[in-house]
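Accompanying notes for the structure given below.
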Amino acid sequence: MDHHLRPATAADADAVKAVIDAAYRPYVARIGLRPAPMDADHAADIAAGRVFVTGDPVVGVLVLVAEPDHLVLENIAVHPDAHRQGVGKHLLTFAETHARALGLPEIRLYTNALMWENQEIYPRYGYEVTERRRDGQYDRVHYRKRVTEPAPDER
């Protein structure tokens, strides 16, 4: 599978929503409400240049927000039909490369405490838990990863 990432365009808005909805739908019953990414303003995020996609048709979505001292990995979603094909790993690698390109020293993200699959995945990619807290109706586990110099094959 070609994992080339590109900035999303307005024409991708429906595909972005479809991937995010498919990726998060299984969690609705478990956590008792719709995960926040399902209700995000995808068109606004795309217009702001925050959304990257991979696949044709789109199977992976990454939403990145640059802050002055870190990159927020606001959303990462892989369509269930594309699980176990390296899409998620590629999206995480792209986020690191993007943070380096922006000169940002770390990536921060959070996941719902009941999305235990994510809590198994992120530490495998070097993310460490920084805190767990309630944000409104969401119980979230916050992570960060310090971004180091690129490996020689990334230069």
Side-chain angles (χ1 to χ4, degrees), residues 1-28 30-31 34-67 70-112 114-129 138 140-155:
M1 171 178 276
D2 177 17
H3 294 303
H4 172 75
L5 262 82
R6 63 176 174 79
T9 66
D12 294 313
D14 288 343
V16 166
K17 179 175 177 24
V19 169
I20 290 170
D21 285 354
Y24 285 91
R25 189 173 298 114
Y27 297 114
V28 173
R30 186 187 304 172
I31 66 176
R34 288 169 58 89
M38 293 178 80
D39 297 322
D41 187 339
H42 307 304
D45 285 338
I46 290 168
R50 298 177 179 153
V51 182
F52 299 86
V53 295
T54 188
D56 183 16
V58 172
V59 295
V61 175
L62 190 60
V63 181
L64 301 173
V65 179
E67 297 290 344
H70 65 279
L71 183 67
V72 177
L73 196 165
E74 191 167 286
N75 188 9
I76 181 170
V78 176
H79 194 283
D81 292 346
H83 283 181
R84 307 224 182 279
Q85 296 178 27
V87 177
K89 178 180 179 178
H90 188 69
L91 294 170
L92 289 171
T93 300
F94 179 86
E96 287 184 46
T97 301
H98 192 66
R100 280 191 206 100
L102 296 173
L104 298 173
E106 73 179 34
I107 299 171
R108 297 180 190 169
L109 63 85
Y110 55 79
T111 190
N112 191 286
L114 294 176
M115 294 180 182
W116 52 78
E117 299 89 343
N118 295 343
Q119 294 173 59
E120 294 173 3
I121 292 169
Y122 294 129
R124 281 189 262 163
Y125 290 95
Y127 287 83
E128 61 183 359
V129 174
Y138 298 101
R140 293 177 170 158
V141 179
H142 293 253
Y143 291 84
R144 78 169 174 208
K145 179 175 184 173
R146 301 223 185 265
V147 178
T148 58
E149 285 298 308
D153 62 341
E154 289 183 3
R155 293 183 187 156

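Just so it is clear, the values below take in all heavy atoms, side chains as well, and ignore hydrogens, waters and symmetry mates.
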| Do Val28 and Pro35 come within less than 4.5 Å of each other through their side chains, counting heavy atoms only? | yes
| Approximate separation, where rounding is to 0.5 Å, of Leu5 CG and His90 NE2 | 4.5 Å
| query | Considering all heavy atoms of both residues, which atom of Ile76 and which atom of Gly88 are nearest to each other, and what is their separation? | reply | CD1-O, 3.9 Å
| message | Going by the rule salt bridge (charged side-chain N to carboxylate O under 4.0 Å, His left out), which residues pair with Glu117 if we only count those two or more places apart in sequence or in a different chain? | response | Arg30
| task | Mind checking side chain to side chain contact (heavy atoms under 4.5 Å, CB included) for Tyr127 and listing every partner two or more places apart, or none if nothing turns up? | result | Leu73, Leu92, Ile107, Leu109, Tyr122, Tyr125, Tyr143, Lys145
| So do Leu104 and Val147 actually touch side chain to side chain, heavy atoms under 4.5 Å? | no
| Note, Tyr138 side chain near Asn112 side chain (heavy atom, < 4.5 Å) | yes
| In chain order, what residues pass the ring pair (Phe, Tyr, Trp, His ring centres under 6.0 Å) check against Phe94, with sequence neighbours excluded? | Phe52, His98
| said: For a quick test of reading the model, state the closest non-hydrogen atom pair linking Ala82 to Val87 and the distance between them. | reply: O-CG2, 4.0 Å
| query | Stepwise, does the side chain to side chain contact (heavy atoms under 4.5 Å, CB included) test hold for Asp81 with Val59? | reply | CA-CA 8 Å; Asp81 292 346; Val59 295; over 6 Å; no
Under 3.5 Å, which donor-acceptor pairs do the side chains of residues 13-25 form with other protein atoms, sequence neighbours left out?
{"from": "Lys17", "atom 1": "NZ", "to": "Asp21", "atom 2": "OD2", "distance (Å)": "2.7"}
{"from": "Tyr24", "atom 1": "OH", "to": "Asn75", "atom 2": "OD1", "distance (Å)": "2.6"}

| said: Show the nearest heavy-atom pair for residues Thr54 and His4, with the distance to one decimal. | reply: OG1-O, 3.0 Å
| field | Minimum side-chain heavy-atom gap Arg6-Val58 below 4.5 Å | value | yes
| Applying side chain to side chain donor-acceptor pair (under 3.5 Å), which residue pairs with at least one partner in residues 39-51 are found, sequence neighbours left out? | Arg34-Asp39, Asp45-Arg50
| Nearest-0.5 Å distance that lies between atom CZ in Arg108 and atom CZ in Arg144 | 7.5 Å
| Interatomic spacing from CG in Leu62 to CG in Leu91 - rounded to 0.5 Å | 5.5 Å
| task | Please name all residues satisfying salt bridge (charged side-chain N to carboxylate O under 4.0 Å, His left out) with Lys89, sequence neighbours left out, ordered by chain then number. | result | none
| said: As an exercise, state the distance from OH of Tyr27 to CG of Asn118, rounded to the nearest 0.5 Å. | reply: 5.0 Å
| task | Taking the side chain as every heavy atom from C-beta outward, state whether His79 and Pro57 have any atom pair closer than 4.5 Å. | result | no
